[in-house]
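What follows is a set of notes on a single structure, which appears directly below.
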Amino acid sequence: MPRPHILVLNQYYRPGVEATANLLADLCEDLAQVYEVTVVTGRLHGRDELPSEEVLGGVRVLRTRSTAFDRTRLSHRAANYGTYLADSLVRALSLRTPPELVLCMTDPPIVGDLGVAVARRYGSPLLVISEDVFPEIATELGRLTNPVLVRVLRGLVGYYLERADHVVAIGERMRDRLVAKGAAAERITVIPNWVDTTVVVPGPRDNDWSRTHGFSSRFVVMHSGNVGHAQNLDNLIRATTYLRDLDDLLVPIVGAGARHAEISELHERLDADKILFMPYQPREVLSQSLGAASIHYVGLARGLSGFVVPSRLYGILAVARPVIVAADADSETARLVQDVGCGVVLPPDRPDLLAAAIRDAHGGRLDLEEMGRRGREYVEREADRAVALARYRSLIDRLIAA
């Protein structure tokens with residue numbers, strides 16, 4: 001018997017380094033055990049060798065003829081979005097096997113509108129997974145200020161939220177935001193993002209990776225992930241200027257993103273000599289690289305509560321490391337860390353308080369080992385890959401059977 005077919009639309013997919021690319025690949029490969037899964041994704045910057053069609057982990061992956069410009073410039077990002085959406089529509093409407101479900105993530109932010117059109121064409125239900133809330137995330141960061149464009153984008157996002165058969169929010173606060181934008185509360189399920197706790201595991205700080213990079217003898221406060229507008233890394237860099245007397249302190253910023261050049265310039269201007277910039281690390285060494293930190297920093301710019309939920313937190317907790325969160329108190333991340341007791345929660349944009357927390361951690365006034373233990377217990381129970389994917393499988397089974 002032919003298996004039910006799921007069509008997935010999202011600009012980023014493995015081997016992209018984005019968190020959403022890898023989370024979506026985890027989900028699709030799990031679904032491919034039961035369903036036929038086709039993903040229509042975009043080209044990756046600097047990866048021209050990737051084929052236009054291949055099978056990865058049992059999933060048929062179609063890559064569009066989209067542009068793949070570097071995303072640091074807004075115009076380049078818009079070109080990538082536009083070309084991806086245009087060719088995705090052509091690919092989606094040319095499928096040999098009609099889908100029994102259309103699934104979209106929110107990259108680009110209006111891909112859900114494409115999902116509505118495709119789902120109606122095939123008479124299939126539409127499931128939207130909201131990884132962030134647009135355009136509010138852009139307006140809060142000051143990245144989008146044109147009132148006409150903001151109104152148009154709000155209308156487009158509201159259109160698919162009202163018409164999707166079901167929406168997944170990755171946090172309770174985000175659920176509230178989506179209801180306020182027009183999604184029906186009874187059609188929203190909260191399923192947090194996840195980490196594979198059998199792959200990302202605790203280990204000693206003194207490991208092969210940390211020795212290679214000279215971290216073993218240092219007190220390491222790490223940011224690992226996107227270097228973008230939401231992460232508030234200015235706060236971390238400014239905090240280190242209060243800590244010049246801590247000779248063994250090292251603050252690596254591991255990753256890349258739209259603000260990497262700005263953050264590097266700030267580091268040089270402030271002579272923040274504790275900062276070290278490093279590229280994204282391969283997934284195979286993630287346990288060791290995350291585990292090399294004494295404590296991690298997770299920043300979220302003021303006003304973004306519920307509009308975005310940093311998924312990198314789960315990897316940190318999976319390696320049993322504590323975290324300092326600098327975010328609004330009602331954000332999903334701050335609430336989780338406060339409730340679990342796996343770190344310290346501070347308001348954003350207070351480098352003096354962040355420096356004081358780092359000093360407390362460095363001086364042994366915080367029980368970092370116990371905080372790490374609590375975090376590991378939490379992700380095993382609530383944010384493990386198997387737990388999250390079972391929730392998705394149950395929801396998708398219901399939508400296809402309806």
Side-chain angles (χ1 to χ4, degrees), residues 3-13 20-21 23-28 30-32 34-42 59-62 64 81 84-135 152-170 174-175 177-191 193 388-389 391-402:
R3 299 187 300 168
H5 183 203
I6 298 175
L7 170 64
V8 180
L9 303 171
N10 196 66
Q11 188 168 8
Y12 299 108
Y13 192 79
T20 53
L23 288 166
L24 182 59
D26 285 349
L27 174 59
C28 290
D30 181 76
L31 293 173
V34 178
Y35 298 105
E36 179 187 346
V37 181
T38 299
V39 176
V40 179
T41 188
V59 178
R60 182 185 179 210
V61 179
L62 306 179
T64 62
Y81 284 169
Y84 168 74
L85 290 169
D87 199 43
S88 289
L89 181 61
V90 174
R91 298 293 184 96
L93 296 180
S94 305
L95 295 173
R96 293 186 297 273
T97 306
E100 275 76 21
L101 175 73
V102 177
L103 185 156
C104 299
M105 271 190 170
T106 48
D107 211 340
I110 59 172
V111 71
D113 294 291
L114 181 66
V116 171
V118 173
R120 287 187 172 180
R121 163 67 179 80
Y122 291 113
S124 307
L126 171 65
L127 172 62
V128 174
I129 302 174
S130 181
E131 288 288 332
D132 49 35
V133 180
F134 197 81
V152 169
L153 290 171
R154 280 196 175 127
L156 289 170
V157 172
Y159 181 86
Y160 73 71
L161 287 176
E162 292 173 4
R163 288 160 178 78
D165 294 271
H166 211 87
V167 177
V168 170
I170 59 173
M174 182 177 286
R175 179 185 182 278
R177 299 287 196 186
L178 294 174
V179 169
K181 288 178 68 66
E186 66 274 13
R187 290 189 286 108
I188 301 178
T189 298
V190 176
I191 305 178
N193 284 339
L389 296 186
R391 293 169 179 165
Y392 270 105
R393 183 87 68 88
S394 175
L395 172 61
I396 288 170
D397 287 347
R398 292 199 309 271
L399 288 171
I400 290 178

Between the CZ atom in Arg398 and the CG atom in Leu127, the distance rounded to the nearest 0.5 Å is 10.5 Å
Flag the pair Val116 / Tyr159 as yes when at least one side-chain heavy-atom distance between them is below 4.5 Å, and no otherwise. yes
side-chain contact (heavy atoms from CB on, under 4.5 Å) assessment of Tyr392 paired with Asp30: CA-CA 10 Å; Tyr392 270 105; Asp30 181 76; over 6 Å; no
Does Ile170 form a side-chain contact (heavy atoms from CB on, under 4.5 Å) with Glu131? I'd like the steps, not just the answer. CA-CA 6 Å; Ile170 59 173; Glu131 288 288 332; 3.6 Å; yes
Between Tyr13 and Asp107, is the side chain to side chain donor-acceptor pair (under 3.5 Å) condition met? List the steps. CA-CA 10 Å; Tyr13 192 79; Asp107 211 340; over 6 Å; no
Which pair of heavy atoms, one from Val102 and one from Ala119, lies closest together, and at what distance? CG2-CA, 3.9 Å
I need the minimum non-hydrogen distance between Gly112 and Cys104, along with the two atoms involved. CA-SG, 4.4 Å
When you measure from the side chain of Arg154 to the backbone N and O of Lys181, does any donor-acceptor pair fall under 3.5 Å? no
I would like to know whether Met174 and Val133 meet side-chain contact (heavy atoms from CB on, under 4.5 Å); could you show each step before the answer? CA-CA 8 Å; Met174 182 177 286; Val133 180; 3.8 Å; yes
Gap separating the CD1 atom of Ile400 from the NE2 atom of His5, nearest 0.5 angstrom: 10.5 Å
For Pro125 and Asp165, which heavy atoms make the closest approach, and how far apart are they? CA-OD2, 3.2 Å
Starting at CG of Leu85, measure out to CD of Gln11 and round the result to the nearest 0.5 Å. 7.5 Å
Looking at Tyr84 and Gly42, what are the two nearest heavy atoms and their distance? CE1-N, 3.7 Å
Do Arg393 and Asp397 have side chains that approach each other closer than 4.5 Å (heavy atoms only, starting at C-beta)? yes
Is a side-chain donor or acceptor of Arg3 paired with a backbone partner of Ala32 at a separation under 3.5 angstrom? yes
Let's go through Tyr122 and Leu95 carefully: what are the C-alpha distance in whole Å and the side-chain angles of both, what is the deciding distance for side-chain contact (heavy atoms from CB on, under 4.5 Å) to 0.1 Å, and is it a yes or a no? CA-CA 10 Å; Tyr122 291 113; Leu95 295 173; 3.9 Å; yes
Atom CG of Leu23 and atom OH of Tyr12: how far apart are they, to the nearest 0.5 Å? 15.5 Å
To the closest 0.5 Å, what do you measure between CD1 (Ile191) and OG (Ser130)? 12.5 Å
Would a 4.5 Å heavy-atom cut-off, applied to side chains only, mark Ile129 and Leu27 as touching? yes
Taking all non-hydrogen atoms of both residues, which atom of Val40 and which atom of Ser88 are closest, and how far apart? CG1-OG, 3.6 Å
His166 versus Thr189: any side-chain heavy-atom pair under 4.5 Å? yes
So Val157 and Tyr160, do their side chains get closer than 4.5 Å, heavy atoms only? yes
Please answer whether the main-chain N or O of Asn10 pairs with a side-chain N or O of Thr41 as donor and acceptor at a distance below 3.5 Å. yes
Nearest non-hydrogen partners of Leu161 and Arg187, listed with the distance: O-NH1, 3.8 Å
dist Ser124:OG -> Leu103:CG (nearest 0.5 Å) comes out at 12.0 Å
Between Tyr81 and Pro109, is any pair of side-chain heavy atoms under 4.5 Å apart? yes
